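Report on the following structure.
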Amino acid sequence: MDNDGRRSESLTLFALLSRQRFLVLLVALVAIILVLPFIDVEGTGARTTLSRITLGVLFIAMLLAAVLAVARTRPTVIVAGVLATPAVVMWIVTLIADRPGTELANFVAGSLFLLYVIVVILRYLFATRRVTVNVIAASLCVYLLLAVLWAEIYSIMEIVEPGSFRMPDADISGPLFAGHRINLALYYSLVTMTTLGYGEITPRSMPARSIAAMEAVMGQIYLAVLVARLVGMHIARSMGGDE
């Protein structure tokens, strides 16, 4: 196959991924959630190293998928690239040098990028007038991205103020959510957002309790607004088609 043919195939694949950009991001987010139960980040063996690398690769893939999801105009591409670059770099640095300073920078950079992505996708959701598969995927992406964002915030709180969260049965030294234990923070975030509240992880400080309560409330409000928005658009579209 000549170079023109390869270039054409690459452009076609990129165009396909661009059209289904929110589905790509949703797949990346779901992959992280599905793989988390099998991630073992404690210890020093080869399995632990492989688990940490796998976790880092998944989060970097999620960040890149998020860039693709919001890269629709030149300004959003520039801002997303500027915010994503330190987030990706810090994830790589954290994989190599697992220190409190690099961990904190990693979570701060990731939080800023995720916040920007959530805002951009929300603007898209409130601007669109049709319910499509991509719109539904975008809505689900925001919900899961909020869970990831809160997980990063919990990790920041544990690094800044160790002991903000407690897990009595865990044999863990140091801050509960620090380092590569973002998987534990994401688990707690999802449990809190869905208001399951299993109770094995509990917030101890008042800031931690306030942030956890805020996530629980926001999760319920988002679902209520999301359902109302999608149903309203569907009804409006159906009535317009009947005329």
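All values reported here derive from a predicted model rather than from experimental measurement.
- Remark: the backbone N or O of E161 is paired with a side-chain donor or acceptor of S164 at under 3.5 angstrom.
- Looking at L184 and I201, their side chains come closer than 4.5 Å, going by heavy atoms from C-beta outward.
- Rounded to the nearest 0.5 Å, atoms CG (L125) and CD1 (I118) are 11.5 Å apart.
- Ring planes of F59 and W91: parallel class, angle under 30° (limits at 30 and 60°).
- Linking ILVMFWY side-chain heavy atoms closer than 4.5 Å, directly or via other members, places L23 and L58 in two distinct hydrophobic clusters.
- In this structure, T76 contributes its side chain and T73 its backbone to a donor-acceptor pair below 3.5 Å.
- For residues 141-152, there are no side-chain hydrogen bond (donor to acceptor under 3.5 Å, both in side chains) pairs, not counting sequence neighbours.
- A continuous path of ILVMFWY side-chain contacts below 4.5 Å connects V70 to L112, so both sit in one hydrophobic cluster.
- Side-chain atoms of Y154 and L186, non-hydrogen and from C-beta on, never get closer than 4.5 Å to each other.
- Between the side chains of E200 and Y188, no donor-acceptor pair is found at a separation under 3.5 Å.
- Inter-residue side-chain proximity for N134 and R21 is flagged as met; some heavy-atom pair is nearer than 4.5 Å.
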Exercise. Can you check side chain to side chain contact (heavy atoms under 4.5 Å, CB included) on V148 and M62, steps first, answer last?
Worked result: CA-CA 10 Å; V148 178; M62 184 270 292; 4.0 Å; yes
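- Note on ring orientation: taking the six-membered ring where Trp is involved, the planes of Y187 and Y198 are parallel (angle under 30°, cut-offs 30° and 60°).
- Going from atom CG of L122 over to atom CG of L226 covers 10.0 Å, rounded to the nearest 0.5 Å.
- With sequence neighbours left out, the ring pair (Phe, Tyr, Trp, His ring centres under 6.0 Å) criterion links F113 to no other residue.
- Inter-residue side-chain proximity for R229 and F126 is flagged as met; some heavy-atom pair is nearer than 4.5 Å.
- Taking each heavy atom of S155 and A185 in turn, the nearest pair found is OG-CB, 3.6 Å.
- Across all their heavy atoms, L230 and S139 have their closest contact at CD2-OG, 4.2 Å.
- The CE atom of M90 sits 9.0 Å away from atom CG of L104, with the distance rounded to the nearest 0.5 Å.
- At least one donor-acceptor pair closer than 3.5 Å links the side chain of R129 to the backbone N or O of A127.
- Checked by atom type and distance alone, the side chain of E103 never pairs as donor or acceptor with a backbone atom of I159 at under 3.5 Å.
- By the 4.5 Å heavy-atom criterion applied to side chains, L145 and I121 are counted as neighbours.
- Residues Y116 and I78 fall into different hydrophobic clusters, defined by Ile, Leu, Val, Met, Phe, Trp and Tyr side chains chained together at heavy-atom separations under 4.5 Å.
- Contact record, A65 with V24: CB-CG1, 4.2 Å, taken as the closest heavy-atom pair.
- Transitive grouping of hydrophobic side chains (ILVMFWY, heavy atoms separated by less than 4.5 Å) brings M214 and F165 into a common cluster.
- Linking Ile, Leu, Val, Met, Phe, Trp and Tyr whenever their side-chain heavy atoms come within less than 4.5 Å puts I60 and V30 in one cluster.
- Here the side chains of F22 and V135 are not in contact, with every heavy-atom distance at 4.5 Å or above.
- We find the CG-CG distance between L149 and L115 to be 6.0 Å, quoted to the nearest 0.5 Å.
- Counting only N and O atoms by type, the side chains of T192 and S189 include no donor and acceptor under 3.5 Å apart.
- Atom CE of M193 sits about 7.5 Å away from atom CE of M218, to the nearest 0.5 Å.
- Atom CG of L196 is separated from atom CG of L190 by 9.5 Å, given to the nearest 0.5 angstrom.
- Between E215 and I153 there is no side-chain heavy-atom pair separated by less than 4.5 Å.
- Residues L146 and V142 are in side-chain contact: their nearest non-hydrogen atoms beyond the backbone lie under 4.5 Å apart.
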